[in-house]
Asks: 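Pasting a structure below so you can have a look.
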Amino acid sequence: MALTNADDLDSPHPSCIRCGRCVSVCPMGLQPLYLYRFSRCRDVGMLRQYSILDCVECGCCAYTCPGKLPIVAAIREGKQRVREEPS
């Protein structure tokens, strides 16, 4: 496992500081900060527009996030919503 217990990614009050680190490390060239936001507000149209299904859920975005956002969890939820809602 690459992460240890010292790399605790949970935070009681995660918040995006719009630093762009998640965007710069995304191997798929996506914008995880927007995928996170649109997933949280359940905007399926924007999730499709920002190609959420192209995310490989590697976790690079969450690992580099100084705000400790649960980005990958939100992306998984967003992907499920996109798959369930007809286009």
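What's counted below: heavy atoms across the whole structure, side chains too, no hydrogens, waters or symmetry copies. When a residue number appears, it is its place in the shown sequence, counting from 1. Please read all numbers here as calculations on a predicted model, not as lab measurements.
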Asks: Spell out, yes or no, whether Y50 and M28 are grouped together once hydrophobic residues are joined by side-chain heavy atoms under 4.5 Å, including indirect joins.
Replies: yes

Asks: Is V23 reachable from L35 through a run of hydrophobic residues whose side-chain heavy atoms are each under 4.5 Å from the next?
Replies: yes

Asks: Ignoring hydrogens, what is the shortest heavy-atom contact between I71 and C65? Give both atom names and the distance.
Replies: CD1-CB, 4.2 Å

Asks: Are L33 and Y36 linked, directly or through other ILVMFWY residues, by side chains that come within less than 4.5 angstrom of each other?
Replies: yes

Asks: Which atom pairs, donor and acceptor, lie under 3.5 Å between side-chain atoms of residues 52-59 and protein residues at least two apart or in another chain?
Replies:
| unit_1 | atom_1 | unit_2 | atom_2 | d |
| --- | --- | --- | --- | --- |
| E57 | OE1 | R76 | NE | 2.6 |
| E57 | OE2 | K79 | NZ | 3.0 |

Asks: With a 4.5 Å heavy-atom cut-off, do C60 and C26 have their side chains touching?
Replies: no

Asks: Can you tell me how far apart CD (Q31) and SG (C61) are? Round to the nearest 0.5 Å.
Replies: 12.5 Å

Asks: If you look only at distance, which donor and acceptor atoms sit under 3.5 Å apart when one is on a side chain in residues 39-48 and the other is two or more places apart or in another chain?
Replies:
| unit_1 | atom_1 | unit_2 | atom_2 | d |
| --- | --- | --- | --- | --- |
| S39 | OG | A74 | O | 2.5 |
| S39 | OG | G78 | N | 3.3 |
| R40 | NH1 | E77 | OE1 | 3.1 |
| D43 | OD1 | G45 | N | 3.4 |
| D43 | OD1 | M46 | N | 3.1 |
| R48 | NH2 | V82 | O | 3.2 |
| R48 | NH2 | E85 | O | 2.7 |

Asks: What's the separation between atom OH in Y34 and atom SG in C16, rounded to the nearest 0.5 Å?
Replies: 9.0 Å

Asks: Atom CZ of R21 and atom CD1 of I17: how far apart are they, to the nearest 0.5 Å?
Replies: 6.5 Å

